[in-house]
Every structure is written in C-alpha cells, then in structure tokens.
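A short worksheet on the structure shown next.
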Amino acid sequence: MGPRNKTGVSEFLLMEVTKDLELQPLHFILFLFIYLVTILGNLLIIMAVISDSHLHTPMYFFLYNLSFTDICLSTTTIPKMLVNIQTQNQSITYTGCLTQLCFVLVFASLESFLLAVMAYDRYVAICHPLRYMAIMNFHLCGWLSLFSLFISIVDALLHSLMVLQLTFCTDLEIPLFFCEVVQVIKLACSDTLINNILIYLATSIFGGVPVCGIIFSYTQIVSSVLRMPSVSGKYKAFSTCVSHLSVVSLFYGTGLGVYISSALISSSRQTAVASAIYTVVPQMMNPFIYSLRNRDMKEALRKLISKIPLPFQDCVI
C-alpha cells in the first residue's frame, strides 16, 4: 500500500509550464534537450572516470558521485514536467508528489554535501600535499560519500513523514513545476508549526554546515597559496580549484536566487521558473565546467570518445 494522508487527498495540481498552447511544443523540446544533455554529459563524466586509470583519485571519485547525483536530481523533476506538457494534464498523485518531494530533498542535500567534501579534498591537496594520499584514502572517501547519502536520506524521510501527518485543504495547487516540501506544507489546513521548525533546523544544519565547510576550506587554501614563493605554483594551485568554485557558485548562486525571488517577487510563475532553474541548470552545466577547465578530464573524454565506433567505419570504400 502507498502512503496515506489524513484527508484522503488523491492528487495535487502542479503549475503549467506555459498556458500558451502554441508554445507548449517549444517548451517540451527545450526541456527534453536540457534533460538529454544533462544525462549524456554526466554519463560521459562517469564513464571517463571509470575507464581512465589516471582519474582513479579522490577528486574524480567525488566528481563521479556528483555526476550520478546530478542525473538522479534531473530525473526526479524533468520527466514529470515533460509528461505534463505532452498530456496537458498538471495532476500528480499524492503518492507521486510525496515520492518526488522526498527524492528532490535527498539529491539536493547530497549535492550540497558532496560539494563540501570536494572542497575539503582540495584543501588537503593544497595545504597538505605530502600527506594527501594518506589522508584522502579509499576508506575515508567511501565513508564521506556514504555518510553524506545517509544524512540526506534521513533529512528527506523526516520531512516526508511529517508531511504524512498533515491535513490538506481543498486548494491543492502547487505553485511550482514539481513538488517541493515548503509549497506542499503551505497547502495544509492543520497546524504546520513543527514542520516549519523542522525546515528551518534542516536548512541551518544541512545547508549551513556544507557552506561553512566550503568557506573554511577555501579560506585555508587562499592563505596557503598566498604563502607560496613562486607565481607558477600559485597559478597551478588555484587552477585545480577553478572548476569546483564554478560549480559551487552555480549551485548556491541559483539557490540564493530562488530564495530572493520568492521573498521579493509576488509572481508565483517567476518563482516557479527560478526553482526550475535551480534543479535543472547546475546539473546540465557541471559536466561542461569540469570538462572545459580540466586538462586531465578533457584527455580522458577524448580517449573515451575515440573508442566509440562510428557508423560505417569498417566499410571499405
């Protein structure tokens, strides 16, 4: 049996991507293109890390996990948006909404923790280069990844279980393109004080701790790099952090944009667009950022692509 709520609500209604019927095919193609690029780009990163022994290092192990998380987060939201555009039906079942809500929380939190772990990896590599492999050993890397996943799952399950206890009103329209915990709670008729407290606590802990970890790591990195005597050494050290800093800026920048837009803009559609960007754009751009700015990754991708058989390459002309 699926999860049941106290009011017997069977479905919610998501916001339409567009009300203009003529623009719906264009939006469908756009989101389909974004989804395919996201899946293909992150799959190439994963396959490159697996196939190239030179990339079997802690940094690329975490990049592998980040790419897998990006695929999962995109798959949690975009396919349902495509189905709704194609069928012109914005409904989502109660069970489906709760499932989507839970997985969005899991993978968004996991991405945040992975970015913090990757910042720690750069801190150890630059500030303690001689002890890097001893500190960032296989067991620690695996433990950090599993712990990040465990914490993310616990957070998502807590929110989901609290939503199960709510009583919902007759207005069941979610002003977003996907189910998000804050918006679902706003539809409840029952007291949501505990839910709101849990959200603030979770945001402070699961959002604040990774951000503080990233800031601390880069504060130490900058301090260490500035003490280096050679300019080339400084450039080389900073160049190893550029890709990660770009991904961090994109992920938290879009997240901050969603928060600001929801606080300052009264238009629910603009807020919905900002939320969609947060769950779509960083996941699509991450493979490009790491492949374009990383020489080792570009070489691994070149080798991987060269191994892919082209049509008719074995034909004799």
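Just so you know, residue 1 is the first one in the sequence shown, and it goes up from there. Any value given below was found using the heavy atoms of this structure, including those in side chains, with hydrogens, waters and symmetry copies removed.
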Is a side-chain N or O of N137 found less than 3.5 angstrom from the main chain of A134, in a donor-acceptor match?
-> yes
Nearest non-hydrogen partners of V181 and V163, listed with the distance | CG2-CG2, 4.3 Å
Counterpart residues, disulfide bond (SG atoms under 2.5 Å apart), relative to C189 (two or more places apart) = C169
Exercise: identify the closest heavy-atom pair between I78 and Y35 | CG2-CB, 3.7 Å
Passes side chain to side chain contact (heavy atoms under 4.5 Å, CB included), S74 versus V280? Steps please.
-> CA-CA 6 Å; S74 298; V280 169; over 6 Å; no
Are the side chain of S223 and the backbone N or O of T219 linked by a donor-acceptor pair below 3.5 Å?
-> no
Return yes if some donor-acceptor pair links the side-chain N/O of T203 with the main-chain N/O of Y200 below 3.5 Å, else return no.
-> no
Side chains of F238 and V222: does their closest heavy-atom pair fall under 4.5 Å?
-> yes
Spatial distance of atom OG (S291) from atom NZ (K298) [nearest 0.5 Å] | 8.5 Å
Closest heavy-atom pair and its distance - S109, D155 = OG-OD2, 3.5 Å
Out of F251, F177, F178, which one pairs with Y278 under the ring pair (Phe, Tyr, Trp, His ring centres under 6.0 Å) rule?
-> F251
Distance-only, no hydrogens or angles: does the H159 side chain make a donor-acceptor pair with backbone N or O of C102 under 3.5 Å?
-> no
Using modelled atom types only, decide if a donor and an acceptor are shared between the side chain of S224 and the backbone of Q220 within a distance under 3.5 Å.
-> no
Q183 (side chain) donor-acceptor with E180 (main chain) under 3.5 angstrom = no
Disulfide bond (SG atoms under 2.5 Å apart) partners of residues 29-72, not counting sequence neighbours, each pair once = none
Mutual orientation of the aromatic rings belonging to F168 and Y94 [parallel < 30°, tilted 30-60°, perpendicular > 60°] = perpendicular
So does F103 have more than 12 non-hydrogen atoms from other groups sitting under 6.0 Å from CZ?
-> no
Please answer whether the main-chain N or O of T167 pairs with a side-chain N or O of S190 as donor and acceptor at a distance below 3.5 Å.
-> yes
Are R122 and M59 side-chain neighbours, meaning at least one heavy-atom pair lies under 4.5 Å?
-> yes
Is it the case that more than 12 heavy atoms not belonging to L226 sit under 6.0 Å from its CG atom?
-> yes
Taking atom NE2 of H54 as the centre, does the number of heavy atoms from other residues, nucleotides or ligands within less than 6.0 Å exceed 12?
-> no
With a 3.5 Å cut-off and no angle check, do the side chains of S112 and Y252 form a donor-acceptor pair?
-> yes
Check for a donor-acceptor pair, side chain of H27 on one end and backbone N or O of L23 on the other, with a separation under 3.5 Å.
-> yes
Exercise: identify the closest heavy-atom pair between I71 and I39 = CG2-CD1, 3.6 Å
Under 3.5 Å, is there a donor-acceptor pair between the side chain of H56 and the main chain of I50?
-> yes
Separation between CZ of F61 and CG of L144, rounded to the nearest 0.5 Å | 9.0 Å
Is there side-chain contact between T57 and Y60, with heavy atoms separated by less than 4.5 Å?
-> yes
For K234 and M228, work out which heavy atoms get closest and say how close.
-> CE-O, 2.9 Å
Which of parallel (below 30°), tilted (30 to 60°) and perpendicular (above 60°) describes Y120 and Y123?
-> tilted
Locate the shortest heavy-atom distance separating T76 from Q100; write the atom from each residue and the value.
-> O-NE2, 3.0 Å
Considering only heavy atoms from C-beta outward, does the side chain of L245 approach that of Y218 to under 4.5 Å?
-> yes
Not counting sequence neighbours, which residues clear side-chain hydrogen bond (donor to acceptor under 3.5 Å, both in side chains) with E22? List them please.
-> none
